Number of protein chains: 2
Amino acid sequence: MNSLTEENYLKTLFILSNETGEVNVIDLSKRLNIKMPTVTSMMKKLADKKLVYYESYKPLRLTEKGKKEAGIIIRKHRLTEMFLVKVMGFGWEEVHEIAEQLEHTRSPSFFEKMDEMLGYPKLDPHGSPIPDKNGKVEWKKYSKLSDCKTGDTLKLAAVIDSSEEFLKFLNSRELKLGLKVKVKSIEPFDGTMVISYGKKQSETLSHTVTERLLGELMDI
Amino acid sequence: MNSLTEENYLKTLFILSNETGEVNVIDLSKRLNIKMPTVTSMMKKLADKKLVYYESYKPLRLTEKGKKEAGIIIRKHRLTEMFLVKVMGFGWEEVHEIAEQLEHTRSPSFFEKMDEMLGYPKLDPHGSPIPDKNGKVEWKKYSKLSDCKTGDTLKLAAVIDSSEEFLKFLNSRELKLGLKVKVKSIEPFDGTMVISYGKKQSETLSHTVTERLLGELMDI
DNA sequence: TAATTTTGTTAGATGAATCTAATTTTGTAG
DNA sequence: CTACAAAATTAGATTCATCTAACAAAATTA
Ligand SMILES: [Mn+2]
Ligand SMILES: [Mn+2]
Ligand SMILES: [Mn+2]
Ligand SMILES: [Mn+2]
């Protein structure tokens with residue numbers, strides 16, 4: 001069995017790999033708020049457990065075993081988020097922190113039951129895919145709103161950031177997944193966008209916001 | 001904030017105090033499966049935090065602060081058990097181990113929501129009272145079935161042991177809380193009882209079982 | 001009361017997960 | 001190609017929670 005600490009390293013390494021391809025010690029260190037020497041020694045420990053390939057000064061990579069275990073933790077995290085929203089009535093902005101804790105619960109039947117009650121969902125409340133019981137996951141390739149051009153229409157499908165602050169901001173603008181947003185103009189200097197969606201005729205979003213919104217580009 | 005480890009000591013000390021009055025190092029040690037020197041040093045630490053009164057060779061006692069914190073953990077444990085049974089459909093024999101983990105979750109709103117969904121229950125699935133938000137709890141004084149005499153009728157209200165094995169045994173005999181059981185005879189040698197309840201005309205229970213069953217004595 | 005058993009404490013060690021400081025390796029910019 | 005900066009590693013310390021071994025106090029038994 002892996003400790004809670006090890007689980008957090010595995011999960012974060014898995015997610016970073018899918019975000020950015022290569023993951024270096026410093027990346028994990030920043031994401032986990034843990035100093036680099038600590039990360040190095042944990043990588044050696046995980047390598048001993050055959051969960052990570054580790055070679056000094058080389059990028060960090062999960063083994064197949066590591067990917068599987070990480071995927072299962074992410075599964076538990078995302079099922080929990082879905083459960084908190086759909087069954088318990090939490091807002092999507094409230095669930096990430098709670099799931100961060102519950103994801104370490106050791107009880108297959110607890111998550112089985114959630115899955116069943118939810119009707120075997122494929123996505124979490126933030127649009128991220130829920131890995132299957134073997135930790136396997138298909139990552140859809142969405143476009144970032146920030147990469148759209150004037151005139152494009154994007155159907156929002158996922159957020160890149162599940163923090164309470166960001167999601168509260170989206171709530172305040174009535175931005176939710178499923179909405180079709182149209183790019184009305186882009187400020188060349190800093191990428192600020194003016195968009196329209198639903199009843200909103202023109203809403204201004206900073207680049208910081210638009211690069212955290214993913215969706216499918218609609219033709220027309 | 002207290003660590004998960006500290007929380008388990010507090011909770012166990014609280015429960016043992018109410019079970020047996022005085023609690024000594026050896027009692028906590030046995031209940032937690034932790035060696036006595038470890039318990040002693042943890043008691044010193046909790047005393048520094050004003051959660052426990054500690055004097056060498058004296059019984060262990062929680063301070064008011066300690067009782068409150070312990071009560072709140074027990075509240076989370078018992079609300080969780082109730083939630084697992086009533087909302088998620090687990091059997092009463094399956095929930096203790098899961099609650100043992102979830103009780104350490106740091107999220108007041110998570111337990112608020114459970115409480116709300118359950119309609120502010122006063123008892124957990126094993127008949128134990130759920131402490132209020134300040135950790136206060138009223139322990140009802142029930143009679144043990146093992147203390148009953150031939151001819152007595154006891155309305156089952158709580159079990160003393162929430163382990164999966166014991167509750168599965170009760171399930172196998174269709175023994176549940178709320179049932180009225182009548183003592184038909186008692187073997188003087190070892191206290192084995194023959195009882196009747198529901199459709200069962202005569203069921204034989206060992207002392208080990210009857211001393212774990214609590215209820216209210218019915219007159220008549 | 002004296003001997004023995006039980007309970008509790010002290011002392012010192014260990015492993016997990018973290019840190020800081022110092023050093024080394026790698027990458028980059030002139 | 002050298003110098004500097006960034007990234008990574010090594011070495012050594014710290015804190016938490018645990019253990020074993022040795023000793024001491026309290027309780028029980030004879
Ligand atoms: Mn999340
Ligand atoms: Mn976590
Ligand atoms: Mn329980
Ligand atoms: Mn616990």
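Note that this is a predicted model, so its numbers are computed, not measured. By convention in this document, chain letters (A, B, ...) are assigned in the order of the sequence lines, proteins followed by strands, and residues within each chain are numbered from 1.
- Where B:Lys44 and A:Ser3 meet DNA chain C, the nucleotide closest to each residue was compared, and B:Lys44 sits on the side nearer the 5' end.
- For C:dT26, neither phosphate oxygen OP1 nor OP2 lies less than 4.0 angstrom from any side-chain nitrogen or oxygen of A:Lys58.
- Look at A:Asp152 and A:Lys149 and you find a salt bridge, because one of the NZ, NE, NH1 or NH2 atoms lies within 4.0 Å of a carboxylate O, short of that distance.
- In terms of modelled atom types and a separation under 3.5 Å, the side chain of B:Arg78 and the main chain of B:Pro131 share no donor-acceptor contact.
- One atom, CE of A:Met43, and another, C1' of C:dT18, lie 14 Å apart when rounded to the nearest Å.
- In this structure a side-chain-to-backbone donor-acceptor pair under 3.5 Å is missing from A:Asn2 to A:Glu6.
- A close approach under 4.0 Å does occur between a side-chain nitrogen or oxygen of B:Thr40 and OP1 or OP2 of C:dT9.
- Distances shown here put every side-chain N or O of A:Tyr54 at or beyond 4.0 Å from the OP1 or OP2 atom of D:dA8.
- Between the side chain of A:Thr210 and the backbone N or O of A:His207, at least one donor-acceptor pair lies under 3.5 Å.
- Taking side-chain N and O atoms only, B:Tyr9 has a distance below 4.0 Å to OP1 or OP2 of D:dT18.
- The cationic atom of B:Lys113 (NZ for Lys, CZ for Arg) lies less than 6.0 Å from the six-membered ring centre of A:Phe90 and within 45° of the ring axis.
- Rounding to whole angstrom units, CD of residue A:Glu55 and P of C:dT26 are separated by 12 Å.
- Rounded to an integer number of Å, the gap from B:Met42 CE to D:dT18 P is 6 Å.
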Open item on the list: Let's go through A:Lys168 and A:Glu94 carefully: what are the C-alpha distance in whole Å and the side-chain angles of both, what is the deciding distance for salt bridge (Lys or Arg N to Asp or Glu O under 4.0 Å) to 0.1 Å, and is it a yes or a no?
Closed with: CA-CA 9 Å; A:Lys168 274 184 164 166; A:Glu94 304 176 279; over 6 Å; no
Side chains of residues 22-38 of chain B: which donor-acceptor pairs under 3.5 Å do they make with residues two or more places apart or in other chains?
unit_1  : atom_1 : unit_2  : atom_2 : d
B:Asp27 : OD2    : B:Asn24 : N      : 2.7
B:Ser29 : OG     : B:Ile34 : O      : 2.5
B:Arg31 : NH2    : B:Glu19 : OE1    : 2.6

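- Atom NZ of A:Lys35 is separated from atom P of C:dT20 by 5 Å (rounded to the nearest Å).
- Between the CD1 atom of A:Ile34 and the P atom of C:dC19 there is a distance of 6 Å, given to the nearest Å.
- Rounded to an integer number of Å, the gap from CE of A:Met36 to P of C:dT26 is 14 Å.
- Note on B:Ser56: every side-chain N or O is 4.0 Å or more away from OP1 and OP2 of C:dG8.
- If you take OH of B:Tyr57 and P of D:dC23, they are 14 Å apart, rounded to a whole angstrom.
- Side chain to side chain, B:Glu81 and B:His126 meet the donor-acceptor criterion of an N or O pair below 3.5 Å.
- Within residues 17-33 of chain B, the residues that place at least one heavy atom under 4.0 Å from DNA chain C are, in residue-number order, B:Asn24, B:Val25, B:Ile26.
- Helical stems in DNA chain D, defined as runs of 3 or more consecutive Watson-Crick or G-U wobble pairs with both donor-acceptor distances under 3.5 Å, are listed by first residue as C:1-30 with D:1-30.
- Listed for the A:Gln101 side chain is a donor-acceptor partner under 3.5 Å among the backbone atoms of B:Arg106.
- Close to C:dC19, at under 4.0 Å from its OP1 or OP2, lies a side-chain N or O of A:Thr38.
- Under a 3.5 Å cut-off, the side chain of B:Thr63 and the backbone N or O of B:Leu51 do form a donor-acceptor pair.
- As a whole-Å value, the separation of B:Leu4 CG from C:dA16 P is 18 Å.
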